[in-house]
Structure formats: C-alpha cells, structure tokens
Amino acid sequence: MALVGVRVIELAGLAPAPFCGMILADFGAKVIRVDRTKVAMSLDTQARGKQSVAINLKTSEGVALLRKLCVQSDVVLEPYRKGVMEKLGLGPHELLKENPRLIYARLTGYGQSGSYATAAGHDINYLAMSGLLSRLGRSGEKPYAPLNLLADFAGGGLTCALGIVLALLERTKSGKGQIIDASMVEGAAYVGSFVWKSRSIGMWDRSKGQNMLDSGAPFYDTYQTSDGQYMAVGAIEPQFYRELLKGLELDAGELPPQMSFSDWPELRRIFTERFASKTQADWSRIFDGIDACVTPVLSFDQVSSHPHNQERASFIKDSSRDESPRPAPVLSRTPAEPCLTPDPVIGEHTVEVLEEYGFTSAEIDQMRAAGVVESNAVKAKL
Ligand SMILES: CCCCCCCCCCCC[C@H](C)C(=O)SCCNC(=O)CCNC(=O)[C@H](O)C(C)(C)COP(=O)(O)OP(=O)(O)OC[C@H]1O[C@@H](n2cnc3c(N)ncnc32)[C@H](O)[C@@H]1OP(=O)(O)O
C-alpha cells in the first residue's frame, strides 16, 4: 500500500478528521487515534484500520506522553479549535523544533487566522461561508445543505488528506516537515472552483435552481417512477438528449428546443408524466445500453447488488457483514487494503502502542495507575 511506513497521530474529532485518518489508514498508514479517557464509547464511525490510545490530556504526564508520540511520528492530525494545542504546549512550532520532519495538519472550519478562527461551527456554517450554500437548492426554496458532505468531507477530510500526502511527497525532497492549515470554508470553496470559474461562460447567470446543473434544466434532474423510486437524468449534450427522448418515446419534433429556458417548465412536466408511467426497474431496462445518461437512483440497499458495482467490487463487507464503500481510487500496483476487522474500542491499543514507542511495562503500569492512560479490552460477543 502506498502509505506503508507512515505513522500518524490523529487526535479524536467529530467527522472530517476521522475521515482524513481513515483515508490514510486505508492506503496503508499506521493511524493511532488519541482518545479521551473515561468515555463510554467512541463516536468515530470512520475508524477503519486505526488503533486507539486513551490519554488524559488534562494531566501534565498525558501531555508529555502525547508530545513523545507526536515527535516520533510522521504526521499529527488535529481537529480542535484554534489555540487548543498551543494551550497544551503542543503547538506546531514546538513540535517541529523537536522533529523538523513532522507534518502537522490542522483541520478546522475557519482556518488558523481571521476573525472567525476561534468560533465554533459545523459543516453547514462552513458551506455557508464558502459561498457554495447560496447556490444549492431548488428555485424559490431556501438554500439546502447536501448532508454534511461538502465542507466536512470533500472540502475538509479529503482536502486535508491531499495536503498530508503532498507534504509527505515534498518531504522526500527537502527532508522537512511543514504545517497544514486546512480550512473547511476554503476547502469547500476550492471544491467549488468549477462553479466560481464557469460563471465566465454564463453557466450561473440565472438565479438559484434555474440553471443547467442546479435542478433548473429538465434534462439534468431526478424523476419519480410509478413505484415511488427515482431515475437520474443527466442528458446534457444534444446526442445524449436525443437518446433520452428516444428512451422516453417522445418525438423531438413535437417538443420545444432543449435549450429554451422559458420552455423548461413545460418540458419538465412532460418528462415527469412520462417517468411516472413505469417502474424504476422498467426504466433501468430501457436505458441500460442506451447512451442517454439515465440511471436509477439507487438506495443504499440496492447499490452493492447493481451489476456494475458488483463487477467492480465497489462495496465491501467487514467482518460484521456491515457494508461500506471500498476505498477509491484504485491504484494498480499498491491499492488500498481496507481493514475488515471491527473498529477499535477506546484504549484498545494503549499498551501495544506505548511499547512500540519505547515505553517500558513499568512506565505504562504507572501511567495507568495514575489515570494518565487507559487501556480497555474488546468485550467478547456472546
Ligand atoms: C445529542 C448530541 C450527540 C452528538 C452526537 C454526534 C454524532 C456525530 C455527528 C457528526 C456531526 C458532524 C458535524 C455536522 C460537523 O460539521 S463536524 C465538524 C466540526 N467542526 C470542526 O471540526 C472544526 C474544528 N473544531 C472546532 O471548531 C471545535 O473542536 C468544535 C467542533 C466546535 C468543538 O468545540 P469544543 O467542544 O469547544 O472543543 P475544542 O474547543 O476544540 O477543544 C477541545 C477540548 O478538548 C480537550 N481534549 C481533547 N482531547 C482530550 C483528551 N484526550 N483528554 C482530555 N481533554 C482533551 C482539549 O484540551 C480542549 O480542552 P479546552 O481547551 O477546551 O480546555
């Protein structure tokens, strides 16, 4: 795997940093999540392949321990509000002094500077501040956040993982680490570069929900089928649009032109009526093999049994038979090998990791007795 040999210390966070850590683990990094002590259970649902060490950072010994782990690693990934790590004496400048090769990734909403830097927030706030949220949603309706995918994951976790991999690559030349300031506002805005930059060709001249790709166009939308399912239509180019009409058994000569904005409501009405006349399975059969850019909107239950996804093994099952997406993209020589065993319980690997980082059994026992660290065994399932 591409990242074998890379050691990552991930401070436990809510959603974006865990995803970033999981990407690194999927591609071979050893990712050690630092959890709090005295916590009933972890909220990290993206812990695949990680180890867990539980440290009480409200003790000076806990902070000293974390410092040792960080300076003997390649990457630190921290998801806290600006200033939290500095308050602990674990800011990047201190740690980089001890380990100049360290890559110190800071994944926050607003970044490390600016007047919002210390403000709390969540995906929807970051998306709002990126400008993108103002463009999302149907015409005449309020802006709509597409789950917490854009800021937390695309602009946050994924962009931060890119930053870490870039810094690792650069380190092979310079021998030096660096600090990564990953702001989810900026990451989301960057993911939205197409929207920003395609304004110059008039793609977004109309208001929200009335443009080609924001649910304005009838040929780029979803339609309900007679069994209450949906089909997705993305027939933008004229040759695919022609095939769409063919599949729907509509006569182009009797319809308004594809690009006539004023006729879009009427076209949508016709498509809606047509799609409502057959089931999703019927439409899938009709459009399979036609280059019309029409596909079923698959539910989580349907997705892994769809022949295409099955043929590519795009979804995997872990040892509990829980299904999730296989890591992407696929690398030809060094693909990801996602761990299929259960996620770690908090403190499951405390002893193992501390031993690996050079602590003696006596030191570990002493820290456990003093409540600096906690180690927990996996409960047997009856
Ligand atoms: C009913 C509610 C249940 C909740 C269930 C939740 C289920 C999961 C749902 C996921 C939802 C995801 C949502 C939509 C998101 O958008 S997640 C993205 C959130 N934003 C970010 O990550 C941006 C960067 N982070 C932040 O801005 C802030 O961390 C935050 C998310 C607003 C949370 O703020 P807050 O709780 O005040 O924490 P922070 O200021 O970061 O300080 C953390 C404090 O914790 C301490 N800490 C850390 N590790 C340890 C440890 N091992 N042991 C002891 N203490 C620890 C730190 O030292 C720090 O303490 P202090 O400096 O406050 O004294």
Side-chain angles (χ1 to χ4, degrees), residues 9-22 32-47 50-70 76-91 104-130 132-133 144-161 180-188 343-344 346-347 349-350 353-354 367-368 370-376:
I9 300 295
E10 174 195 320
L11 282 307
L14 266 184
F19 180 50
C20 179
M22 187 179 82
I32 299 162
R33 189 185 67 209
V34 176
D35 287 306
R36 292 164 191 259
T37 55
K38 301 191 181 73
V39 176
M41 59 174 279
S42 167
L43 290 176
D44 181 3
T45 53
Q46 297 163 100
K50 298 178 191 173
Q51 295 184 312
S52 164
V53 170
I55 307 178
N56 182 356
L57 294 179
K58 295 300 178 207
T59 63
S60 53
E61 298 92 328
V63 173
L65 167 60
L66 179 58
R67 171 187 290 269
K68 280 196 183 152
L69 299 186
C70 291
V76 171
L77 170 57
E78 70 98 355
Y80 301 132
R81 207 192 291 257
K82 172 185 155 63
V84 167
M85 290 297 270
E86 281 80 356
K87 237 183 339 180
L88 293 170
L90 299 173
Y104 194 109
R106 323 197 77 176
L107 179 46
T108 61
Y110 298 111
Q112 298 297 317
S113 54
S115 53
Y116 277 21
T118 55
H122 290 107
D123 172 275
I124 196 165
N125 309 113
Y126 311 141
L127 195 56
M129 287 290 292
S130 76
L132 279 186
L133 186 53
Y144 169 79
L147 312 182
N148 59 330
L149 294 173
L150 277 179
D152 275 359
F153 298 112
L158 188 59
T159 304
C160 187
I180 297 169
D181 178 1
S183 139
M184 290 186 247
V185 172
E186 292 165 3
D343 290 351
I346 287 185
H349 305 96
T350 302
V353 168
L354 296 198
M367 286 192 280
R368 277 162 68 178
V372 173
V373 299
E374 192 180 274
S375 75
N376 294 306

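Numbering of ligands and ligand atoms starts at 1, following listing order.
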**Fill in**
Residues Y126 and A151: closest non-hydrogen pair is CB-CB, 3.8 Å
**Asked** Is the side chain of Q46 donor-acceptor paired with the backbone N or O of A15 at a distance under 3.5 Å, no angle test?
**Response** yes
**Item:** Y126 touching ligand 1 at heavy-atom level, < 4.0 angstrom
**Value:** yes
**Request:** Scan for salt bridge (charged side-chain N to carboxylate O under 4.0 Å, His left out) pairs involving residues 34-46, sequence neighbours excluded, and state none if there are none.
**Result:** R33-D35, R33-D44, D44-K50
**Prompt:** If you measure every N/O of A15 against every N/O of ligand 1, is any gap under 3.5 Å?
**Reply:** no
**Heteroatom proximity flag, L107 to ligand 1, N/O under 3.5 Å** = no
**Asked** Do any nitrogen or oxygen atoms of T108 come within less than 3.5 Å of a nitrogen or oxygen of ligand 1?
**Response** no
**Request:** Select one of side chain, backbone, both or neither to describe which atoms of I124 lie under 4.0 Å from any atom of ligand 1, heavy atoms only.
**Result:** neither
**Request:** Ignoring hydrogens, tell whether any protein atom lies closer than 4.0 Å to atom 37 (O) of ligand 1; use the non-hydrogen atoms only.
**Result:** yes
**Message:** Is atom 4 (C) of ligand 1 near the protein, in the sense that some protein heavy atom lies at less than 4.0 Å from it?
**Reply:** no
**Fill in**
Checking heavy atoms under 4.0 Å, the part of L57 that sits near ligand 1 is both
**Message:** Taking only non-hydrogen atoms of M184, do any sit less than 4.0 angstrom from ligand 1?
**Reply:** yes
**Prompt:** For atom OH of Y80, is the number of surrounding heavy atoms from other residues, nucleotides or ligands below 6.0 Å larger than 12?
**Reply:** yes
**Asked** Judging by distance only, is a nitrogen or oxygen of N148 under 3.5 angstrom from one on ligand 1?
**Response** no
**Asked** Any non-hydrogen protein atom below 4.0 Å of atom 59 (C) of ligand 1?
**Response** yes
**Message:** For the CD1 atom on I124, are there more than 12 heavy atoms of other groups (residues, nucleotides or ligands in this structure) within a distance under 6.0 Å?
**Reply:** no
**Message:** Checking contacts now, so for atom 1 (C) of ligand 1, which I'm interested in, is there any protein heavy atom under 4.0 Å?
**Reply:** no
**Asked** Taking both backbone and side-chain atoms of N56, is any N or O found less than 3.5 Å from an N or O belonging to ligand 1?
**Response** no
**Message:** To check your reading of the model: name the closest protein heavy atom to atom 30 (C) of ligand 1, its residue, and the distance in Å.
**Reply:** R81 NH2, 5.0 Å
**Asked** Which pairs with one or both residues in residues 117-127 pass salt bridge (charged side-chain N to carboxylate O under 4.0 Å, His left out), sequence neighbours excluded?
**Response** none
**Request:** Using a distance threshold of 4.0 Å (strictly less than), state whether atom 46 (C) of ligand 1 has a protein heavy-atom neighbour.
**Result:** yes
**Request:** Go through ligand 1 atom by atom and flag the ones less than 4.0 Å from a non-hydrogen atom of D152.
**Result:** 12 (C), 13 (C), 14 (C), 15 (C), 16 (O), 17 (S), 18 (C)
**Asked** Considering distance alone, does some N or O of I55 sit under 3.5 Å from an N or O of ligand 1?
**Response** yes
**Prompt:** Strictly under 4.0 Å, does any heavy atom of G13 approach an atom of ligand 1?
**Reply:** no
**Heavy-atom nearest neighbour of atom 19 (C) of ligand 1 within options P79, P18, G121** = G121
**Prompt:** Is atom 21 (C) of ligand 1 less than 4.0 angstrom from at least one protein heavy atom?
**Reply:** yes
**Request:** Mark whether atom 14 (C) of ligand 1 lies under 4.0 angstrom from at least one protein heavy atom.
**Result:** yes
**Request:** Any chance you could lay out the side chain to side chain contact (heavy atoms under 4.5 Å, CB included) test for N148 and F153, step after step, and finish with the verdict?
**Result:** CA-CA 7 Å; N148 59 330; F153 298 112; 3.5 Å; yes
**Complete:** Among non-hydrogen protein atoms, atom 57 (C) of ligand 1 lies closest to V84 CG1, 3.6 Å
**Message:** Under 4.0 Å from atom 11 (C) of ligand 1, is there at least one protein heavy atom?
**Reply:** no
**Prompt:** Any N or O of H122 that comes nearer than 3.5 Å to an N or O of ligand 1?
**Reply:** no
